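I have a structure I would like to understand better, so I am pasting it below and will then ask my questions one at a time.
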Amino acid sequence: MSDSAETPNLMEALVSLAKRRGFIYASSEIYGGLNGFFDYGPLGTELKRNIRDCWWRDMVQRRDDIVGIETSIIMHPKVWEASGHVAGFSDPLVDCKVSKQRYRADQLFWSPVVVDGKIVGYVSALESEKTVEELQAAAETFKRKKAITGALAPVVAKDFTEASEAEIPLIPSPATGEPGSLTAPRAFNMMFQTNVGAMSDASSVAYLRPETAQGMFVDFKNVVDTTRVKLPFGIAQIGKSFRNEITPRNFIFRSREFEQMEMEYFIHEDADWAKCHEEWITWCETWLKSIGLPASHLSRYTHPKEKLAFYSRGTVDIMFKYPFGVQELWGIAARGSYDLTQHANASGKPQELFDEASKKKFVPHVIEPAVGVDRIFLAVLAAAYAVEDVKDEKGNVEQRTVLRLSPRLAPVKVAILPLLKNKELLTNRAKALHAKLQKRYAVQYDDGGAIGKRYRRQDEAGTPWCVTIDFDTIEKPGDTFTLRERDSMAQRRITEAELFALLDEQVY
RNA sequence: GCGGGUAUAGCACAGUGGUAGUGCACCAGUUUUCCAAACUGGCCACGCGGGUUCGAUUCCCGCUACCCGCUCCA
């Protein structure tokens with residue numbers, strides 16, 4: 001028996017299964033696909049919906065301190081100026097054509113070498129604690145090698161975004177030390193632009209949101225004024241976001257259109273934000289385990305202070321061991337009062353609460369757990385996938401592909417199978433049960449092929465239980481069915497009432 | 001975006017300068033009393049565009065997508 005960790009080319013197997021069983025298709029596939037976009041098929045749509053529903057129930061409906069909203073994808077462009085995304089949500093990149101190295105332009109520093117007031121050449125260095133020293137040393141070496149005499153001026157460290165067109169070909173590549181191989185920085189904003197209204201001009205430019213969070217900040221006062229929430233409280237939202245990623249990769253892990261589940265938890269400015277931050281990290285970890293992700297695949301990554309995003313005072317990522325490596329799943333950021341303050345300044349509308357104790361107004365601080373539905377989907381799929389060796393009655397070893405999805409997430413909760421297709425007594429009873437279950441649960445009726453084949457088919461779809469209507473059901477007293485469990489393949493007899501009780505308990 | 005690789009049916013793979021097969025899956029039927037049974041029949045593909053050629057799925061070029069690196073985020 002092998003589990004997912006030992007399966008070679010697990011990603012290929014997942015992509016293949018996802019396609020084969022209708023979980024995920026490439027977007028616009030008949031036109032050759034579109035990089036960074038995906039469609040969810042019938043089973044995938046159910047699974048994704050279940051992920052959203054579980055999160056919403058646990059995050060919003062089962063709590064007293066969190067409310068939900070749904071804001072528009074296109075917001076006033078000033079939202080993104082205030083949030084910092086127009087200016088800061090870009091990564092200008094520079095390529096060295098010789099060494100094939102790629103640098104972020106804002107991390108690649110350079111300086112003219114000035115001798116006796118004249119520019120005699122250029123030096124470069126990568127961002128570090130000693131960038132200026134390195135540049136100075138490089139300038140001295142340059143002067144010596146070129147046998148230039150005169151007074152060397154101190155270097156002036158500038159990053160590559162400040163290099164002019166004329167200067168770019170003169171600046172040496174950090175990799176080769178020779179000028180001429182660096183490209184101009186390609187700086188583009190990761191936000192998708194569009195135009196509102198029929199006229200396309202500068203005044204109509206708008207953006208598809210790159211995160212749902214700003215909706216919560218912009219509607220902060222509305223929620224406070226209309227819902228009687230009291231600190232600490234949270235506002236949650238699930239919705240699509242869009243980022244024009246340079247390199248979409250790893251199936252649905254990094255795509256250009258994705259779905260976020262974000263919650264902004266507002267706390268008093270004097271509250272212990274670090275403690276609250278830690279509590280939310282723990283909450284997220286617990287929740288991930290509750291939907292079936294193994295603790296062994298989860299870890300934490302604390303962002304070093306100097307590399308924090310522009311809005312963050314502290315960020316911890318919950319990492320997941322995907323088939324392609326340990327990568328981010330859930331980011332929990334302490335955003336301070338950054339966003340509300342920015343919007344207060346930009347809009348001229350104060351985003352404050354009144355503190356009854358101190359009789360003073362203050363801007364709340366915020367802790368933000370932000371997770372991608374698609375990433376959870378991928379993590380869940382990877383963790384659930386298993387190929388097992390099973391022995392048939394003759395002792396022959398066969399392989400069984402099974403998705404061990406939690407019953408909460410499984411696209412189909414129960415499959416109802418008449419043992420035989422051509423015996424009306426069986427099919428009628430099965431159809432009656434199916435109709436009854438269908439009112440409350442996602443269930444499937446299947447009478448195609450041999451019973452064993454149908455079990456395996458449901459295993460691949462992740463259906464936790466199969467119910468078989470057999471001859472004992474109609475011939476023996478008690479009206480019982482065979483209940484077959486996906487993971488153990490064990491069978492037992494169960495009544496209709498017991499079946500409903502089982503589902504009520506396990507499916508939520 | 002740069003470098004390397006790949007692209008044949010729903011999935012996994014063969015194969016050929018004269019338009020393609022296999023397994024599984026799927027559909028119809030016969031059969032079948034619990035773990036991918038059997039038989040019969042059926043559906044379905046050379047990623048897209050151009051070039052060379054009498055003829056291109058095969059050779060060449062471009063594009064697109066996917067995979068592996070550089071880089072990045074949910």
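Below, chains carry the letters A, B, ... as their sequence lines are ordered, and counting in each starts from 1. Computed from a prediction, not measured in an experiment: that's the story for all the values here.
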*side-chain N/O A/Lys19 vs B/G10 OP1/OP2, d < 4.0 Å*: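 No, because none of the side-chain N or O atoms of A/Lys19 sits under 4.0 Å from OP1 or OP2 of B/G10.
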*Under 4.0 Å between any heavy atoms, over every strand shown, what does A/Glu460 touch: base, sugar-phosphate, or nothing? Just pick one.*
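It contacts base atoms.
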*In whole angstrom, what separates A/Asp389's CG from B/C35's C1'?*
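My rounded result for the distance is 15 Å.
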*asked:* I'd like to know if the side chain of A/Thr282 pairs up with that of A/Glu279 as donor and acceptor (distance under 3.5 Å, no hydrogens or angles considered).
replied: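 Absent: no donor and acceptor within the cut-off.
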*With nearest nucleotides of RNA chain B determined for A/Arg493 and A/Gly33 from heavy-atom distances, which residue corresponds to the more 5′ nucleotide?*
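The residue whose closest nucleotide sits nearer the 5' end is A/Arg493.
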_Please tell me whether A/Tyr25 and A/Tyr40 form a close aromatic pair, meaning their ring centres lie under 6.0 Å apart._
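When the ring centroids of A/Tyr25 and A/Tyr40 are compared, they turn out to be at least 6.0 Å apart.
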*Which residue lies more 5' along RNA chain B, comparing A/Arg457 with A/Asp472 via nearest heavy atoms*: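 Between the two, 5'-proximity favours A/Arg457.
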*When rounded to the nearest Å, what value does the distance between C1' atoms of B/A14 and B/G21 take?*
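It works out to 7 Å between them.
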_Nucleotide B/C27, atom P - distance to CG of A/Asp446 in whole Å_ =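 Distance check: A/Asp446 CG to B/C27 P gives 9 Å.
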*Nucleotide nearest A/Lys421 (side chain, heavy atoms from C-beta), chosen from B/A74, B/A36, B/G29*: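 Of B/A74, B/A36, B/G29, B/G29 is nearest to the side chain of A/Lys421.
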*Candidates B/A74, B/C73, B/A36 - which lies nearest the side chain of A/Phe253*: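 Among the listed nucleotides, the one closest to the side chain of A/Phe253 is B/C73.
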*Pairwise C1' distance for B/U57 and B/C70, with rounding to whole Å*: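 That atom pair is separated by 34 Å.
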_Rounded C1' spacing from B/C48 to B/C13 in Å_ =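 Going atom to atom, C1' in each nucleotide, I get 23 Å.
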*Could you check which nucleotide pairs with B/G21 in any of the strands shown, counting Watson-Crick or G-U wobble with both distances under 3.5 Å?*
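B/G21 is paired with B/C13.
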*asked:* It should be established whether A/Arg249 places a side-chain nitrogen or oxygen under 4.0 Å from OP1 or OP2 of nucleotide B/C70.
replied: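 No, outside the criterion.
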*Salt bridge A/Glu460-A/Arg20, side-chain N to carboxylate O under 4.0 Å*: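 Salt bridge: yes.
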*Check each of A/Asp374, A/Val380, A/Leu409 against A/Lys48 using the side-chain contact (heavy atoms from CB on, under 4.5 Å) test, and report the only one that passes.*
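Option passing the side-chain contact (heavy atoms from CB on, under 4.5 Å) with A/Lys48: A/Asp374.
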*What nucleic acid atoms does A/Phe251 come within less than 4.0 Å of, heavy atoms only: base, sugar-phosphate, or nothing?*
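Contact class for A/Phe251: sugar-phosphate only.
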*B/A12 base to A/Arg20 side chain: any donor-acceptor pair below 3.5 Å?*
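Counting by modelled atom types and ignoring angles, no donor-acceptor contact under 3.5 Å is found here.
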*Is the A/His297 ring parallel, tilted or perpendicular to the A/Phe320 ring (thresholds 30°, 60°)?*
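A/His297 and A/Phe320: tilted rings.
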_Without decimals, in angstroms, what is the distance between A/His85 NE2 and B/A74 C1'?_
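My rounded result for the distance is 11 Å.
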*Please find out if less than 6.0 Å separates the ring center of A/Tyr207 from that of A/Phe192.*
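No - the distance between ring centres of A/Tyr207 and A/Phe192 does not fall below the 6.0 Å cut-off.
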*Does B/G3 have a Watson-Crick or wobble partner in any strand here, with both distances under 3.5 angstrom, and which is it?*
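In the structure as shown, B/G3 has B/C68 as its Watson-Crick or wobble partner.
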*With a 3.5 angstrom cut-off on both distances, give the Watson-Crick or G-U wobble partner of B/C46, or none if there isn't one.*
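None - no nucleotide pairs with B/C46, as no candidate has both distances under 3.5 Å.
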*Please measure how far the C1' atom in B/G17 lies from the corresponding atom in B/C59, and state the result in whole Å.*
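It works out to 8 Å between them.
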_At 4.0 Å (heavy atoms only), tell me whether A/Gln327 reaches a base, stays on the sugar-phosphate, or touches nothing._
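Since a base atom lies under 4.0 Å of A/Gln327, the category is base.
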*Would A/Tyr455 count as stacked on B/A36 if the rule is ring centres under 5.5 Å and plane angle under 30°?*
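Stack criterion not met.
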*asked:* Quick check on the 6.0 Å ring-centre criterion: do A/Phe220 and A/Phe266 meet it?
replied: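 Yes - the distance between ring centres of A/Phe220 and A/Phe266 falls below the 6.0 Å cut-off.
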*asked:* Under 4.0 Å, heavy atoms only, any strand: does A/Glu29 hit a base, just the sugar-phosphate, or nothing?
replied: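 The answer is nothing, as A/Glu29 stays clear of every strand by at least 4.0 Å.
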*So what does A/Glu328 touch, heavy atoms closer than 4.0 Å: a base, only the sugar-phosphate, or nothing?*
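The answer is base, as A/Glu328 lies within the cut-off (heavy atoms under 4.0 Å) of a base atom.
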_When you compare the side chains of A/Arg493 and A/Thr482, does any donor N or O come within less than 3.5 Å of an acceptor on the partner?_
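A/Thr482 and A/Arg493 do have a side-chain donor-acceptor pair below 3.5 Å.
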*No-H, no-angle donor-acceptor pair, A/Glu245 side chain to B/A74 base, under 3.5 Å*: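 Answer yes: a donor N or O sits under 3.5 Å from an acceptor.
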*May I ask you to say what A/Leu329 touches in the nucleic acid, namely base, sugar-phosphate or nothing, with a heavy-atom cut-off under 4.0 Å?*
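It contacts sugar-phosphate atoms only.
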*Taking CE from A/Met11 and P from B/C66, how many angstroms apart are they, rounded to a whole number?*
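Going from CE in A/Met11 over to P in B/C66 covers 12 Å.
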*Reckon A/Lys240 has a side-chain N or O less than 4.0 Å from the OP1 or OP2 of B/A74?*
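Answer is no, no contact under 4.0 Å.
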*Rounded distance in Å - OH (A/Tyr322) to C1' (B/A74)*: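 Interatomic distance, OH of A/Tyr322 to C1' of B/A74: 9 Å.
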*Give A/Asp317 one of three labels, base, sugar-phosphate or nothing, depending on what nucleic acid heavy atoms sit under 4.0 Å from its own.*
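Nothing: the residue A/Asp317, judged by heavy atoms under 4.0 Å, touches no strand.
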*asked:* Looking at A/Glu259 and A/Lys240, is there a salt bridge between them, counting it only when a charged N and a carboxylate O are closer than 4.0 Å?
replied: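 No, no charged N to carboxylate O under 4.0 Å.
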*Atom CG of A/Leu10 and atom C1' of B/C68: how far apart are they, to the nearest Å?*
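Whole-Å distance recorded here is 16 Å.
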*asked:* Just the rounded figure in Å: distance from C1' of B/A74 to CH2 of A/Trp287.
replied: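 Between C1' of B/A74 and CH2 of A/Trp287: 14 Å.
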*Considering only atom P, compute the distance from B/G49 to B/A12 and round it to an integer number of Å.*
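The answer is 23 Å between these two P atoms.
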_Under-3.5 Å donor-acceptor pair between A/Arg454 side chain and B/C35 base_ =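 There is none.
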*May I ask you to evaluate whether A/Asn35 reaches the phosphate of B/U64, defined as a side-chain N or O under 4.0 Å from OP1 or OP2?*
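For A/Asn35, the contact criterion (side-chain N or O under 4.0 Å from OP1 or OP2 of B/U64) is not met.
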*Any N/O donor-acceptor pair, A/Arg375 side-chain to B/C73 base, under 3.5 Å*: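 Flag set: donor-acceptor pair detected.
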*asked:* Nearest whole Å is fine: how far is B/A74 P from A/Trp55 CH2?
replied: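 It works out to 15 Å between those atoms.
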*Is there a Watson-Crick or G-U wobble partner for B/C39 with both distances under 3.5 Å, and if so, which one is it?*
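B/G29 - that is the nucleotide pairing with B/C39, both distances being under 3.5 Å.
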*Look at the side chain of A/Glu12 and the base of B/C67, then say whether one donor and one acceptor between them are separated by less than 3.5 Å.*
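Between B/C67 and A/Glu12, which were checked side chain against base, a qualifying N/O pair under 3.5 Å is absent.
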*With heavy atoms under 4.0 Å as the rule, sort A/Thr473 into base, sugar-phosphate or nothing.*
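No contact.
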*asked:* Among B/C35, B/U32, B/C11, which nucleotide has an atom closest to any side-chain atom of A/Ser16?
replied: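 From the listed options, B/C11 comes nearest.
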*Do the side-chain N or O atoms of A/Asn250 get closer than 4.0 angstrom to the phosphate oxygens (OP1, OP2) of B/C68?*
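Indeed, a polar side-chain atom of A/Asn250 lies that close.
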